[in-house]
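Some notes on the structure that comes next.
Letters A, B, ... are given to chains in the order of the sequence lines, protein chains preceding strands, and every chain is numbered from 1. Atoms considered below: every heavy atom in the structure, side chains included; atoms not considered: hydrogens, waters and symmetry mates. Everything quoted here is computed from the prediction, not taken from an experiment.
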Amino acid sequence: MRSLSELLEDRSIAKLGHDLKNAWLALRAAGIELAGASYDVMLASFLLDPGRRSHALEVLATEHLNAALTTVADLIGKGKSARSPSDVAVGVMAASSCANAWAVLGLRDRFTSQPGATAVGPLLERIEVPLIGVLADMEWRGIRIDSDRLRDLSKRFGAELRDIEQSIFDAAGTDFNLNSTQQLRQILFDKLQLPVIKRTKTGPSTDAGVLIQLADLGFDVPRLLLDYRELSKLKSTYVDVLPGNVNPDTGRIHTSFNQTGAATGRLSSSNPNLQNIPVRTPRGELIRQCFVPAEGCSFVVADYSQIELRVLAHLSQDPAFIEAFRQGGDIHSQTAAIIFDVAPDQVTPDMRARAKTINFATIYGQGPFSLARQLGISQEEAKEFIKLYFARFAGVRRFLDETVQNARRLGYVETLFGRRRYIPELKDLNYNIRAFGERTAMNSPMQGSAADLIKIAMVNLAAAMKQGGLKSAMLLQVHDELVLEATHQEVDRVVEITRHEMQQAAELSVPLVADVGVGPNWLEAKA
DNA sequence: CTGCTTTTT
DNA sequence: ATTGTAAAAAGCAGA
């Protein structure tokens, strides 16, 4: 019989690590299927305090059990000099594994008797632990890409890049490293004497906002550079890298979904990150088109509509907001009609755009200064606008104020389902840190509740598809969106089940709406 | 390794 | 008195 680590090398989808999901995948690679999980120390730690730096077993064991565990890195080394786990003597590995098992049991006892344990229990049992297997299945299945098309894009982007590069050198009158902000500063602000718009800690900023302003003043180098930056980012981060992420055994890309990555309760994705695939620009769309379903399948893409604003409406119980969502239709237009006190059909595109901006500003706890910048109005006007907004949505103002007050008193905020996030910054003596804490306190319940809702939907959807004996499956989660692969036969059923499970994840004071689309690639499936 | 910049929701 | 929008991952330059 072959060792587990040999099997892992065969099927690198199963990554060595100490979380339960990776163990699940490793066992599957070895031909052993777990029936389910009952507890996960890492997830328990995450729910008890999502803000802490590490939830690694050895760190938790040191802290709570005063025990020093041997890590995988201790045994095989790190980075390029790392040896294969199969080189470690069986006895050594066994001893380490036993110590780990002991630590898991000790930590579980510790955690279940801890003060915050009552709040954590249901989240762990009903959401996070059931989600482990769902995510393991998604990672295991992976997603297909059109590598030929990406290589073609790489050539095209490369040629374009060389042209732009030459134009910039001509316009600047000298060659330099376009990727070096230091050299760029010298060209822009010393040689060409362009005005400094904004500073970073280390010198004049050259970020996109600055370049746009300089381009609007009629300067060529910043205009060309914006194009260069977009092209270069997309090529080096996505177009050139994604084909190398294809697993040779499966022909698909297997990302990792991290369940303890974001303090709000959102998932994160890495190796590669498939939650930040471009879409905004025409070139971004070309990249999204390269994500394609298996032969004989279509993508089904389901998006929650305005989930964070709906959560806000529910949590705040603001009557105007709730009524707007119950009416249905475009929420930003509805908001505009309420703020500007006009009939819904009298809302102009500009009014809608302003309403949309301030709706987002509210979700993020944004102040008048940045709202003014975004809307292109004075700070005074922005203050008036915010005043008007909160006069119409007094319930939202009250809710946000109470949330911050309670957070100061209790030290934490909570989502709809009791997921906590501690915010020590609220007590900091530094004004900036405190203001940051206040924004965190306002945003986390909304972002976190939305994360809870889609996780519940995912667990229920996986169960429903299994129940229905469907071959189709979830592939990706992108915060408010699910990407599924459905056989042509099953497409209609998958669309309906997905919509149903997302919309019925919980009963709120406003309807939950999911928009579902079908298509031959990720771009075109998005409704 | 840190800072800057960019990508997504 | 003082900044300035929440949450991530990743590539590149330069020390």
Fill in: A:S180, nearest nucleotide to its side chain (from C:dA13, C:dG4, C:dT2)
C:dA13
Item to complete: Evaluate the side-chain proximity of A:F291 to A:I277: yes if any heavy-atom separation is below 4.5 Å, no if none is.
Response: yes
Discussion item. Between A:R421 and C:dA7, is there a contact of a side-chain N or O with OP1 or OP2 at under 4.0 Å?
Written reply: yes
Worksheet item: Taking atom C1' of C:dA7 as reference, at what distance in whole Å does atom CZ of A:R419 sit?
Response: 13 Å
Practice prompt. To the nearest Å, give me how far apart CG (A:D480) and P (C:dA6) are.
Written response: 19 Å
Worksheet item: Say you pick atom P in C:dT3 and the same atom in B:dT6; how far apart are they, in whole Å?
Response: 23 Å
Worksheet item: Looking only at side-chain N and O atoms, does A:N179 come under 4.0 Å of OP1 or OP2 in C:dA13?
Response: yes
Fill in: Test item: A:F299 and A:V518 side chains (from C-beta on) under 4.5 Å apart, heavy atoms
no
Item to complete: Would you please confirm or rule out a distance under 4.0 Å between OP1 or OP2 of C:dA8 and any side-chain N or O of A:R266?
Response: no
Item to complete: Using the test ring pair (Phe, Tyr, Trp, His ring centres under 6.0 Å), find all partners of A:Y412 that sit at least two apart in sequence or belong to another chain.
Response: A:Y422
Worksheet item: Has A:S444 got a side-chain N or O lying under 4.0 Å from the OP1 or OP2 atom of C:dA6?
Response: no
Discussion item. Can a donor-acceptor pair be found, under 3.5 Å and without considering hydrogens, that links the side chain of A:D49 to the backbone of A:G51?
Written reply: yes
Discussion item. Under 4.0 Å from OP1 or OP2 of C:dA9: is there any side-chain N or O of A:S268 that close?
Written reply: yes
Item to complete: Using a cut-off of strictly less than 4.0 Å between a heavy atom of the residue and any atom of DNA chain B, enumerate the qualifying residues of residues 155-162 of chain A by number.
Response: none
Discussion item. On a heavy-atom basis, which atom in A:F219 and which in A:P195 lie closest, and how many Å separate them?
Written reply: CE1-CD, 4.3 Å
Worksheet item: At under 4.0 Å, does any side-chain N or O of A:Q447 touch on OP1 or OP2 of C:dA8?
Response: no
Discussion item. Taking 4.0 Å as the cut-off, does a side-chain nitrogen or oxygen of A:N443 come that near to OP1 or OP2 on C:dA7?
Written reply: no
Item to complete: Indicate, with a heavy-atom threshold strictly under 4.0 Å, whether A:R288 touches base, sugar-phosphate, or nothing.
Response: sugar-phosphate
Fill in: Test ring pair (Phe, Tyr, Trp, His ring centres under 6.0 Å) applied to A:H55 - qualifying residues, sequence neighbours left out
A:F46
Response to the item:
Sequence neighbours excluded, the answer for ring pair (Phe, Tyr, Trp, His ring centres under 6.0 Å) partners of A:F157 is none
Discussion item. A:Y389: which residues meet the ring pair (Phe, Tyr, Trp, His ring centres under 6.0 Å) condition with it, sequence neighbours left out?
Written reply: A:F393
Fill in: nucleotides 1-7 of chain B: protein proximity per nucleotide (B base, S sugar-phosphate only, - neither; heavy atom, under 4.0 Å)
--SSSBB
Fill in: Spacing of A:N432 atom CG relative to C:dG4 atom C1', expressed in whole Å
9 Å
Worksheet item: Would A:R229 and A:T206 count as having a side-chain donor-acceptor pair, cut-off 3.5 Å?
Response: yes
